[in-house]
Amino acid sequence: MVLDIQTLLGANPSADSITVFLKDLVQHSNTSLTAPEVKSYSDAVYFNYYPLGISFLFIPQKGYKPTGGLKFEDLQVDSLVLDSINIYNAPKPKTPTKTTTSSRTAELAFSTYPELKWRLSLSPEASASNESSIEISLTTNGKDFVSCLGEPDRKGGGTGPSSGSIGIWCEWSKHGIMVEFGGDEARGPQAWERGKDAIWRVITVFSPKQE
C-alpha cells in the first residue's frame, strides 16, 4: 500500500518520506524510478514524474529565489517545501481533439497514476457524508465527489464552445482537494448539467484551508 500522499505536504525534495513514496509507487507501475523533469521559477519549482502520473509543486522558503532552467543538483532543496501535488488520470480520448493549448499538451505527457484505487483523508466535520476519507479510482466521477464531499467551495470552467473550452473544476478548500474533470461531459455550454458523469482528469492535493 502506497503511503498516504497527503502526509508528504510540507516536506523538502530530499525528504525520506518522498523517496519512500516514489519507490512504493513504482512497484505499481511498469516503469522504473527516474529523475524528475525539473521546471524552476522564482516562486515555484515543479518536479514532474511523467511515467508515474504525478507532479510535485515546491515553494521556495527563507528568501530563496530560484532562477529558471535549474537542474536538481543546482537547487537549494532545503529551502523548498512541498506545497501541492497533481495526480493525473489520462484515459485515451474517444476522438482526437483539434485544438490543444500548450498547458494541455504538457498535461498529455503524463501517464495515468498507477494506483488503481487509493484514498484521500478528509476533515470529517466538513464532509457531507461524515466520512474520514474518500476512495478514488480511475472512474470516479463528479457525482461521486459531490456525494462524499458535498458542494464545492469554489468551481469554474465549462463555459464556451465544446472545442477548446476549459473543463469544469471543483475545489473543496476545507479538505485540500481540487478536481479538474475531463472528457466531453466536462466541456461546453451544458458541462455543468453533464458534469456528474465526467471522470476526473487531474486531482490537486494541498493543505486544507480553514475559513
Side-chain angles (χ1 to χ4, degrees), residues 1-22 24-25 36 41 43-49 52-62 64 77-89 107 110 113-115 117-158 166-182 186 192 195-196 198-211:
M1 185 68 179
V2 174
L3 182 72
D4 181 355
I5 197 169
Q6 290 154 300
T7 63
L8 303 178
L9 296 171
N12 67 47
S14 59
D16 290 341
S17 57
I18 291 181
T19 301
V20 169
F21 172 83
L22 291 170
D24 285 348
L25 192 59
Y41 306 91
D43 58 350
V45 178
Y46 293 87
F47 280 32
N48 297 323
Y49 293 88
L52 296 176
I54 195 167
S55 175
F56 296 144
L57 167 58
F58 293 93
I59 300 297
Q61 305 287 307
K62 308 170 186 174
Y64 177 42
V77 293
D78 289 341
S79 296
L80 296 173
V81 170
L82 184 57
D83 183 75
S84 63
I85 304 166
N86 278 0
I87 303 150
Y88 291 86
N89 184 10
E107 288 179 5
F110 285 92
Y113 187 66
E115 275 269 75
K117 288 188 177 181
W118 43 286
R119 305 191 77 89
L120 290 175
S121 299
L122 305 176
S123 301
E125 64 277 4
S127 172
S129 57
N130 294 317
E131 296 287 341
S132 60
S133 65
I134 179 173
E135 183 178 82
I136 310 292
S137 74
L138 299 182
T139 57
T140 302
N141 60 25
K143 182 179 179 181
D144 298 326
F145 283 103
V146 172
S147 64
C148 183
L149 303 177
E151 289 299 318
D153 300 302
R154 298 172 62 237
K155 61 183 181 181
I166 300 172
I168 59 175
W169 58 267
C170 297
E171 180 182 298
W172 290 270
S173 308
K174 291 183 284 295
H175 295 299
I177 299 171
M178 178 179 173
V179 182
E180 298 174 47
F181 295 92
W192 286 106
K196 61 183 177 59
I199 307 298
W200 70 275
R201 182 168 59 83
V202 186
I203 294 177
T204 302
V205 178
F206 55 91
S207 295
K209 299 175 182 177
Q210 303 300 326
E211 292 183 349

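At a threshold of 4.5 Å between non-hydrogen side-chain atoms, the residues E135 and K117 count as touching. Looking at Q6 and V205, their side chains come closer than 4.5 Å, going by heavy atoms from C-beta outward. Side-chain contact between M178 and I203 is absent, with no heavy-atom pair separated by less than 4.5 Å. Counting heavy atoms from C-beta on, the side chains of V45 and Y64 never come closer than 4.5 Å. V179 is listed as a side-chain neighbour of I177, based on a closest heavy-atom distance under 4.5 Å. Using a 4.5 Å heavy-atom threshold, the side chains of F206 and H175 count as separate.
Taking S79 as the reference, nothing meets the side chain to side chain donor-acceptor pair (under 3.5 Å) condition, with sequence neighbours excluded. By the side chain to side chain contact (heavy atoms under 4.5 Å, CB included) test, P208 is found to be paired with Q210, residues two or more places apart in sequence or in another chain being considered. Remark: S137 engages T139, T140 in a side chain to side chain donor-acceptor pair (under 3.5 Å) (not counting sequence neighbours). Every residue two or more places apart in sequence or in another chain that forms a ring-ring contact (aromatic ring centres under 6.0 Å, His included) with F181 is listed here: F145. F56 is linked by a ring-ring contact (aromatic ring centres under 6.0 Å, His included) to Y49, counting only residues two or more places apart in sequence or in another chain. A search for side chain to side chain contact (heavy atoms under 4.5 Å, CB included) contacts involving K143 returns N141, K196, not counting sequence neighbours. S121 pairs by the side chain to side chain donor-acceptor pair (under 3.5 Å) definition with D4, not counting sequence neighbours. For N12, the side chain to side chain donor-acceptor pair (under 3.5 Å) partners at least two apart in sequence or on another chain are S14.
Atom OH of Y46 has 12 or fewer neighbouring heavy atoms from other residues, nucleotides or ligands inside a 6.0 Å radius.
Distance check, rounded to the nearest 0.5 Å: CD1 of I54 to CD of E115 gives 10.5 Å. For the atom pair S132 OG and L122 CG, the distance stands at 7.0 Å (nearest 0.5 Å). Note that CD of E180 is 5.5 Å distant from CZ of R201, once rounded to the nearest 0.5 Å. With rounding to the nearest 0.5 angstrom, the CG atom of D144 is 10.0 Å from the CG atom of L149. For the atom pair CD1 of I87 and CG of L120, the computed distance is 6.0 Å after rounding to the nearest 0.5 Å. Note that the OG atom of S207 and the CG atom of L9 stand 4.5 Å from one another [nearest 0.5 Å].
Side chain of N86 to backbone of T204: no donor-acceptor contact under 3.5 angstrom is found. The backbone N or O of G150 lies less than 3.5 Å from a partner atom in the side chain of W172, making a donor-acceptor pair.
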*Checking side chain to side chain contact (heavy atoms under 4.5 Å, CB included) for the pair L25/Y113: CA distance, chi angles, key distance, verdict?*
CA-CA 9 Å; L25 192 59; Y113 187 66; 3.7 Å; yes
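Here the closest non-hydrogen pair linking D43 and I59 is O-CD1, 3.6 Å.
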